[in-house]
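In the text below, chain A, chain B and the rest are named by the order of the sequence lines, each starting its count at 1.
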Amino acid sequence: MSCRVRFAPSPTGYLHVGSARTALFNWLHARATGGTYVLRIEDTDAERNRSDLTDSLLAELEWLGLDWDEGPYFQSERRDRHREVVEGLLERGLAYLCDADNNEVDGMSLVDGLAVRFRMPAGGTVAFDDVVRGEVSFATDDLEDFVIWRSNGSPMFLLANAVDDADMGITDAIRGEDLLSGVPKVLLLLDAIGAPRPTYAHLPLLVNEQRKKLSKRRDDVSIGDYRARGYLPEAMVNYLALLGWGPPDDVEVRPLDEIVDLFRIEDVNKAAAFFDLKKLEHVNATHLRALAHDEFLERVAPWVGDEAPWPAERFDPDRFSTMVGLVQEKLRTLGDTPRFVDFLFLDDPVDDPDSWEKAMVKGPSAAEMLDGAATVLADCPWETEALLAAVSEVGEGLGLKLGKAQAPIRVAVTGRTVGPPLFEAMAECMERDEVLRRIARARARL
RNA sequence: GCCCCCAUCGUCCAGCGGCCUAGGACGCCUGCCUUUCACGCAGGUAACACGGGUUCGAAUCCCGUUGGGGGUGCCA
């Protein structure tokens, strides 16, 4: 029998990285086993029942490439069914009416203004076999009579969750460990309505450096923010897959379709995983380097368009395209791109104090190098090898190796000590006059 | 407080009783390459929380301790 899984987020206006990981593992399990992946929005709380809060959620899921086979279903649209189930439990005495002071009120049917609590059986044990955690059990005496219907006439999530999983034929519930202690209550509800229990798989939490669950308050948790900073969706899902799971062949950076082939929910481990930005950057940089030239140009477009730190009319697609070939392998995110190429499209290179200090103040013979370069670059052939040879010669005259010799020129021309290979950039993307002007400009500022 | 879960390098993952003097990756350090940075290449650093068992044999199984986390809402 093929499985049916669901990702059931509560709309919060953005997609949390932890939620994205949960969505990914559900999606992977479905794709790996030929099952069905259902998307369901858990918006039973009136405050969250707003379309603008779910739109961005859906957009981010699409961006990650986690396409769903069914849905999105909205719990808020299933109110009548939830009410019907609650009434059934009331009639059978498995639940009871309760007032604001938590006192039981007699009655076999719903009453406006009163909540409903599920009657917890005494002296029982609820046990289940979690795919990642193994046997887990709870004593019902440790559980309280929990609310399943609010006094304002809406269902509580445990009730909606149980009913919807049952109605939608969910066979495997894959979700975060923070939901583990709610399982016995859902199981009791499922038993009460005569529905089969799904198999549960609780994923280890994603934590920050303090080993606490990732929180919106302290941590960078929005997928949208990572997207905006220039992380690629394929890198994002790749890295997320590595949190709580690892490929059997130890090849970590790879395309999603390969992960689908390798993924097995039983292999997920139990311990919480630290969300390590450094490793994410590495995964991203690797995927970035692997992009074909044209593909890269397409992906990077948003970062060199209107948002770029230079006047739009100064941008030159041809020179940019050439430059990409020189810097693509140096980038960690798409967002790094502008600062590697901005000098081409700005009237003057940016003033980076650290670079200036390093090359012009602390570095050796800056003035002599700039003067020498101004002379030799004035009439040498405008080709990479010739420029390199000319600058090398000036450097040798001053007893400097090329590494030291090129530094002042690099800063004069590009503004920074870090950047593309200098002579290629000058020969292929810049005019002689402009280079000489910048060298003179820097010399005057010494 | 009570309930539940977890525990291998700084971090992520491997290890599912002998192949482990514990492997891979990120990070960090060193060297090579070199027009900066990066990439690449070659090395290095660094872990089975502790204590009892079980067993011929334990990182692997059991118990306890300690530590960490999650839950405990008329939020999801």
Side-chain angles (χ1 to χ4, degrees), chain A residues 8-12 19 42-48 75 98-100 102 114-117 130 132-134 136-139 141-144 146-158 160-161 175-184 202 204-205 207 209-213 239 241-253 267 269-283 285-286 289 327-332 336 340 355 358-359 384 387-388 391-392 395 401-407 409-411 414 416-426:
Chain A
S10 160
T12 52
S19 300
E42 307 224 321
D43 57 350
T44 53
D45 182 15
E47 313 248 313
R48 302 180 192 230
Q75 279 190 333
C98 137
D99 65 22
N102 290 338
L114 291 182
V116 177
R117 281 181 186 272
D130 190 281
V132 344
R133 262 141 241 286
V136 181
S137 72
F138 295 80
D141 289 343
D142 290 324
L143 274 19
E144 71 290 349
F146 58 101
V147 175
I148 56 177
W149 191 259
R150 297 190 183 87
S151 56
N152 72 1
S154 63
M156 284 292 286
F157 92 102
L158 284 174
N161 188 270
R175 52 198 206 156
E177 202 215 80
D178 50 341
L179 298 175
L180 185 60
S181 45
V183 174
H202 286 86
L205 257 22
V207 299
E209 43 286 294
Q210 277 89 233
R211 295 258 120 200
K212 306 263 194 213
K213 184 166 73 160
Y239 177 62
L242 263 16
L243 262 19
W245 177 84
D249 59 6
D250 276 341
V251 178
E252 296 187 319
V253 181
D267 292 339
N269 57 213
K270 310 173 209 262
F274 170 62
F275 188 85
D276 187 352
L277 194 60
K278 279 283 190 2
K279 181 109 179 208
L280 204 214
E281 285 180 352
H282 168 258
V283 173
T286 306
R289 279 197 295 276
V327 304
Q328 183 177 347
E329 69 174 19
K330 301 170 189 292
L331 309 172
R332 303 193 78 76
D336 288 341
F340 273 84
S355 293
K358 191 176 176 190
T384 299
L387 298 180
L388 187 157
V391 171
S392 292
K401 285 187 172 179
L402 189 54
K404 292 289 185 188
Q406 56 88 45
I409 300 163
R410 174 182 296 281
V411 172
T414 73
R416 300 185 178 88
T417 50
V418 174
L422 184 60
F423 307 113
E424 283 83 348
M426 294 196 308

### Task
Give none if B/C41 has no partner; otherwise give the nucleotide forming a Watson-Crick or G-U wobble pair with it, both distances under 3.5 Å.
B/G31
## Note on the structure
ring pair (Phe, Tyr, Trp, His ring centres under 6.0 Å) filter on A/Tyr239, not counting sequence neighbours, yields A/Phe275
### Task
Please determine, for B/G51, whether a Watson-Crick or G-U wobble partner exists with both distances under 3.5 Å, and give it or none.
B/C63
### Message
If you assign A/Phe157 and A/Phe138 each to the RNA chain B nucleotide with the nearest heavy atom, which residue ends up on the more 5' nucleotide?
### Response
A/Phe138
### Task
With the side chain of A/Arg150 defined as its heavy atoms from C-beta on, choose the nearest nucleotide among B/C74, B/G70, B/C12.
B/C74
### Query
Of the nucleotides B/C4, B/C6, B/C75, which one has an atom closest to the side chain of A/Ala271?
B/C6
### Task
Please check the phosphate of B/C12 (OP1 and OP2 only) for any side-chain N or O of A/Asn269 closer than 4.0 Å.
no
### Task
State which of B/C74, B/C3, B/C26 makes the closest approach to the side chain of A/Ala115.
B/C74
### Task
Could you tell me whether A/Gly244 contacts a base, only the sugar-phosphate backbone, or nothing, with contacts defined as non-hydrogen atoms closer than 4.0 Å?
sugar-phosphate
### Task
Look at A/Glu144 together with A/Arg117 and state whether they make a salt bridge at an N to O cut-off of under 4.0 Å.
no
### Message
In this structure, how many angstroms lie between the C1' atom of B/G24 and the CG atom of A/Asp250, rounded?
### Response
4 Å
### Query
In whole Å, what is the span from the CZ atom of A/Phe275 to the C1' atom of B/C13?
16 Å
### Message
Pick the closest RNA chain B nucleotide for A/Asp276 and for A/Val132 by heavy atoms, then say which residue is nearer the 5' end.
### Response
A/Val132
### Message
Can you tell me if A/Thr44 touches the phosphate of B/A76, counting only side-chain N or O atoms and a distance under 4.0 Å to OP1 or OP2?
### Response
yes
### Query
What nucleic acid atoms does A/Thr414 come within less than 4.0 Å of, heavy atoms only: base, sugar-phosphate, or nothing?
nothing
N/O-N/O pairs, protein side and nucleotides 63-69 of chain B side, under 3.5 Å:
residue : atom : partner  : partner atom : Å
B/G69   : OP1  : A/Lys212 : NZ           : 2.6

### Summary
Reading nucleotides 34-43 of chain B from 5' to 3' and marking B where a protein heavy atom lies under 4.0 Å of the base, S where only the sugar-phosphate is that close, and - otherwise, the string is -BBBBSS---
### Query
Hey, does A/Leu179 reach any base, or is it just sugar-phosphate, or nothing, if we go heavy atoms under 4.0 Å?
base
### Task
Working to the nearest 0.5 Å, report the span between CZ of A/Phe423 and CD of A/Gln406.
6.0 Å
### Task
Examine B/A76: is either OP1 or OP2 under 4.0 Å from a nitrogen or oxygen in the side chain of A/Asn161? Give yes or no.
no
### Summary
Whole-Å distance, A/Glu144 CD to B/C74 P, equals 8 Å
### Query
Base, sugar-phosphate, or nothing for A/Asp336, non-hydrogen atoms under 4.0 angstrom?
nothing
### Task
Using whole Å, report how far CZ of A/Phe274 lies from P of B/G10.
14 Å
### Task
Identify the heavy atoms of A/Arg416 and A/Ser355 that sit nearest to each other, and give their distance.
CA-OG, 3.4 Å
#### Entry: B/C74: pairing nucleotide in any strand, Watson-Crick or G-U under 3.5 angstrom
none
### Query
Can you tell me the Watson-Crick or wobble partner of B/U11, both distances under 3.5 angstrom?
B/A25
### Message
Nearest whole Å is fine: how far is B/C26 P from A/His282 NE2?
### Response
4 Å
### Message
So if I take every side-chain heavy atom of A/Asp142 and compare against B/C5, B/G73, B/C3, which nucleotide ends up nearest?
### Response
B/C3
### Query
What is the distance, rounded to the nearest whole Å, between atom CG of A/Leu280 and atom C1' of B/C13?
16 Å
### Nucleotide nearest A/Lys278 (side chain, heavy atoms from C-beta), chosen from B/C26, B/C13, B/C75
B/C26
